[in-house]
> 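There's a structure below that I have some questions on.
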Amino acid sequence: MLIAVPSCLPGGLDANMGMHFGHCDIYTLVEIENGAVKEVRTLDPIPHHHGGCMAPVQYLANAGVKVLLAGGMGMRPLMGFQQVGVEVFFAGMFPTVGAAVQAFIEGRLQPFTLEYTCGGGHH
């Protein structure tokens, strides 16, 4: 299973989480197999102007991402992830990518719902 986590540079398990999906420095991609981290790599984000806030959604789906761990995002990308079959979980309480990934593996994250979304106008 491939998980994406919006991250601060340089990315990786020790990186701080990028708290807003659409404005992160980089994505950390974590391959999980049998309940453990198998591989960690990074993926550069694409600018919003290439298709608005739906472009990063499709970009991650095309990269094979099945799960996104996020601290914040707008309603439109959340709906977009649901449409392309990517599950989104709220991980805003974890400071690092590794802590969020471990919480996901242990089943401690809640699905990202509309109550976690940003209003949109303040970004």
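Throughout, numbering of the chain's residues begins at 1 and tracks the sequence.
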> With heavy-atom distances below 4.5 Å as the criterion, would you say the side chains of Leu60 and Val86 are in contact?
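Not touching, per the 4.5 Å side-chain cut-off.
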
> Under 4.5 Å between any side-chain heavy atoms of Ile32 and Val101, yes or no?
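A side-chain contact under 4.5 Å exists here.
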
> Quick check for you: to the nearest 0.5 Å, what is the distance between Phe94 atom CZ and Leu109 atom CG?
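Rounded to the nearest 0.5 Å, the CZ-CG separation comes to 5.5 Å.
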
> Using a 4.5 Å cut-off on heavy atoms from C-beta on, say whether the side chain of Met79 contacts that of Leu114.
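Heavy-atom side-chain distance check passes, below 4.5 Å.
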
> Do any pairs count as a salt bridge (Lys or Arg N to Asp or Glu O under 4.0 Å) and have a residue in residues 88-104, sequence neighbours left out, and if so which ones?
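Found none.
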
> Ring pair (Phe, Tyr, Trp, His ring centres under 6.0 Å) with Tyr59: which residues, sequence neighbours excluded?
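Partners of Tyr59 under the ring pair (Phe, Tyr, Trp, His ring centres under 6.0 Å) test: none.
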
> Any chain of hydrophobic side-chain contacts (each under 4.5 Å) joining Ile26 to Leu2?
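No; tracing contacts between hydrophobic side chains, which count when under 4.5 Å, never links both residues.
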
> Flag yes if more than 12 heavy atoms outside Met1 fall under 6.0 Å of its CE atom; otherwise flag no.
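It does not: Met1 CE has 12 such atoms or fewer within range.
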
> I need the Leu43 CG to Leu29 CG distance, nearest 0.5 Å.
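Output value for this atom pair is 5.0 Å.
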
> Can you list every side-chain hydrogen bond (donor to acceptor under 3.5 Å, both in side chains) pair that touches residues 77-93, not counting sequence neighbours?
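The answer is none; no pair qualifies.
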
> Measure across Val88 and Met73 and return the closest heavy-atom pair with its distance rounded to 0.1 Å.
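That closest heavy-atom pairing would be CG1-CE, 3.9 Å.
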
> Quick one: side chain to side chain donor-acceptor pair (under 3.5 Å) partners of Asn62, sequence neighbours excluded?
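Partners of Asn62 by the side chain to side chain donor-acceptor pair (under 3.5 Å) criterion, ordered by chain and then number, come out as Gln58.
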
> Using the ring pair (Phe, Tyr, Trp, His ring centres under 6.0 Å) criterion, which residues pair with Phe90? Sequence neighbours excluded.
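By the ring pair (Phe, Tyr, Trp, His ring centres under 6.0 Å) rule, Phe90 matches Phe112, Tyr116.
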
> Please work out which of the three classes, parallel, tilted or perpendicular, describes the rings of Tyr27 and Phe21, given edges at 30° and 60°.
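Tilted.
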
> Report the C-alpha separation of Leu69 and Val30 in whole Å, then their side-chain angles, then the decisive distance to 0.1 Å, and conclude whether the side chain to side chain contact (heavy atoms under 4.5 Å, CB included) test is met.
CA-CA 11 Å; Leu69 309 183; Val30 182; over 6 Å; no

> Taking atom CE of Met19 and atom SG of Cys24, what is their separation to the nearest 0.5 Å?
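One finds 11.5 Å between CE of Met19 and SG of Cys24.
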
> If you measure from CG on Leu78 to OG1 on Thr113, what distance do you get to the nearest 0.5 Å?
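Going from the CG atom of Leu78 to the OG1 atom of Thr113 covers 8.0 Å.
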
> List the residues meeting salt bridge (charged side-chain N to carboxylate O under 4.0 Å, His left out) with Glu39, not counting sequence neighbours, and say none if there are none.
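Listed in chain order: Arg41.
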
> Would you be so kind as to tabulate the donor-acceptor pairs closer than 3.5 Å made by side chains of residues 3-14, with sequence neighbours excluded?
| residue | atom | partner | partner atom | Å |
| --- | --- | --- | --- | --- |
| Ser7 | OG | Val5 | O | 2.7 |
| Ser7 | OG | Thr28 | N | 3.4 |
| Ser7 | OG | Thr28 | OG1 | 2.8 |

> Does any part of the side chain of Val57, heavy atoms only, come nearer than 4.5 Å to the side chain of Val84, both counted from C-beta?
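Sidechains of Val57 and Val84: in contact.
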
> Sequence neighbours left out, what pairs pass salt bridge (Lys or Arg N to Asp or Glu O under 4.0 Å) with at least one residue falling in residues 94-110?
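Pairs touching residues 94-110 that pass the test: Glu106-Arg108.
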
> Can you list everything that forms a side chain to side chain donor-acceptor pair (under 3.5 Å) with Lys38? Sequence neighbours excluded, please.
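Per chain and number, Lys38 pairs via side chain to side chain donor-acceptor pair (under 3.5 Å) with Glu33.
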
